[in-house]
Each structure stands twice: as structure tokens, then as C-alpha cells.
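What follows is a short report on a single structure.
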Amino acid sequence: MRRVRYEWKSGGPVITVAIIALCVLMWLIEQIAYYADSNVFTAMVYDMSFIPALTTSQPWIFLTSMFMHAPGVDVWHILGNMITLWFVAPSLEKMLGHWQFLALYLLCGLGGDTGNMVYARVLNSPESWMQSSYGASGAIFGLFGALLVTYSRMRLDMREIIGLVVLNLAMPLIVPNIAWQAHVGGLLTGMGTTGMLIGTTASRRALNYLQRTILTVAVWAVVLVAIVLICQHTSVWSTVLTNWVHWS
């Protein structure tokens, strides 16, 4: 606890480590369920992964899905995401502050889910509305977006981070079953959220950092909720499948 207090006061990656620990713990639980009882694992996927048609009846999946990763012998999903998270997150947590970083991370994860929601609405098919997805990549892409904004504001060399973003955006062209729409949703949310957190010169004069944080969280929460509701209520398949799941 003394070490944690020191890291917290000195701007260490306390929230980053906590997120990684939670993702790894969730993955271990998934592994146990995956190998012990396929029915239990199927129930976990149904109850905790992001399935657009279930967002009305199971709103918690917006949160739980960002801490789940694919189980089995292929550990790249969890390993790749956690290595990337450790690469990009500590500097942002130190710069933004612990609670601001946590708000950014969660909003970016919700932005990734919203990207999945928009994609389901655009395709507007039963398959798209019942497609499950999970993982931290939407939130991680939001951190990429945050780095793009901060690098730009600080006039730093952006070539490395731009290359990293482009490489990861192109990954779905090589590796199948990657929810690229969550990456785009997280990236856009991260850029917008960080832009508001850092603020313009005028906004920094008008509002202190805490006030900008509260305003940022409120604005982006309203924007993401509005997009989700529009997607839900303008699709006949969303209504049909939601009612079918409820009655079944």
C-alpha cells in the first residue's frame, strides 16, 4: 500500500496497472469456464460481451465487454492488447491525471461499443445485431487518439504514433474477426475527449481542469448515448430481436 500511495502521488501508472490486472483476471476466469464447461462460457459471452441487440435489456455489456478477451490457446488477443496498453497508457495517465485518465479510458471503450452499434445499424441485418464482440482494443484506440491530440498540441514528432495507428487500423485486412468499427469509434472518441480535456487557450482561462473534466464526461456521455438510442430506435431489427430475446 505504501508503494501504491507513492505511485499515486508521483503520477505513476496506478490506473493502468489496475486495468491490466482486471483484464487478465477476467481472461483467467474465461479460460477456466472455456475448458471446464462450454455452456458456462457461452452464458458468459451472452451476458457480458457486446451484442447490439441486447444493449436495451443488458446495458452493463457496454462496460463488461471492454474487459473480456478471447480464451483458448491463442493468447495474442489478451497479450497484444495488454502490451499495447502498457506502451501507450502510463504517459497519458501521468499527463492527464489518474481520474481523468480513467474517464478517458472508459469513454473510449464506450465509443468503441458505439462504433459497433453504428455498424450494426448501417448493415441492419439480424446477423449484425446479434454479432458479439469484446476486448480492450476500442479503448486502446481511444488512447491512440488521445496521443495524436496531445502530440499535436505539444508540437511533437507525430510520425511514430501516426504509423502505429495506421498499422493497427490496417490489421483487420490481414487478421480476420477484428471489429475495426470499434477501433474507429474508440479513436474518434479519444480524439474528441482529449481535445476537450486539454482545452483551448480560451477554455483554459474560463474553466479549471476539474470543470473541463466534468464538462467533457457529460458532453461525451450524452453524445454516445444519443447515437446508441438513435441506432436502437431507427432499426426494425433491433426492436424485433430485443423483443425476441426478452420473451425467449
To check you understand the geometry: which heavy-atom pair defines the closest contact between [X] and [Y], and what is its length?
X    : Y    : value
Y134 : P71  : OH-CD, 4.0 Å
V14  : E93  : N-OE2, 3.1 Å
N81  : S137 : ND2-N, 3.7 Å
I227 : T114 : CG2-CG2, 3.5 Å
A120 : S128 : O-OG, 3.2 Å
S91  : L147 : OG-CD2, 4.3 Å

[X] side chain near [Y] side chain, heavy-atom distance below 4.5 Å:
X    : Y    : value
L85  : L143 : yes
W220 : L110 : no
L106 : L63  : yes
Y46  : T42  : no
H183 : I178 : yes
E160 : Y151 : no
M196 : R212 : no
M95  : L92  : yes

To the nearest 0.5 Å, what is the distance between [atom1] on [X] and [atom2] on [Y]?
X    : Y    : atom1 : atom2 : result
Q131 : S49  : CD    : OG    : 9.0 Å
D47  : I61  : CG    : CD1   : 9.5 Å
L164 : L169 : CG    : CG    : 9.5 Å
N208 : S203 : CG    : OG    : 11.0 Å
L102 : L107 : CG    : CG    : 9.5 Å
M44  : N39  : CE    : CG    : 13.5 Å

Could you label the plane-to-plane angle of the W8 and H98 rings as parallel, tilted or perpendicular, counting under 30° as parallel and over 60° as perpendicular?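 The arrangement is parallel - the two ring planes meet at less than 30°.
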For the residue pair F141 and F144, does the interplanar ring angle fall in the parallel (under 30°), tilted (30 to 60°) or perpendicular (over 60°) class?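 Plane angle over 60°, so perpendicular.
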May I ask you to check whether F62 and F50 place their ring centers less than 6.0 Å from one another?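 That pair passes the under 6.0 Å test.
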Please indicate whether Y34 has more than 12 foreign heavy atoms, meaning atoms of other residues, nucleotides or ligands, lying under 6.0 Å from its OH.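 Incorrect, the count does not exceed 12.
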OH (Y209) with more than 12 external heavy atoms under 6.0 Å: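 Correct, the count exceeds 12.
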Which of these passes side-chain contact (heavy atoms from CB on, under 4.5 Å) with C23: M66, M68, H69?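 Answer to the side-chain contact (heavy atoms from CB on, under 4.5 Å) test with C23 among M66, M68, H69: H69.
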Cluster check [X], [Y]: I/L/V/M/F/W/Y, side chain < 4.5 angstrom:
X    : Y    : answer
V166 : I161 : yes
V228 : I230 : no
L104 : F87  : yes
I32  : V40  : no
L167 : W86  : no

Side chains of T234 and R121: donor-acceptor distance under 3.5 Å anywhere?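 Result is yes, a qualifying pair exists.
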Check: W99/T213 side-chain N/O donor and acceptor closer than 3.5 Å: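 No.
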Working note: W129 + T55, criterion side-chain contact (heavy atoms from CB on, under 4.5 Å); need CA distance, chi angles, decisive distance, verdict. CA-CA 10 Å; W129 281 100; T55 52; 5.7 Å; no
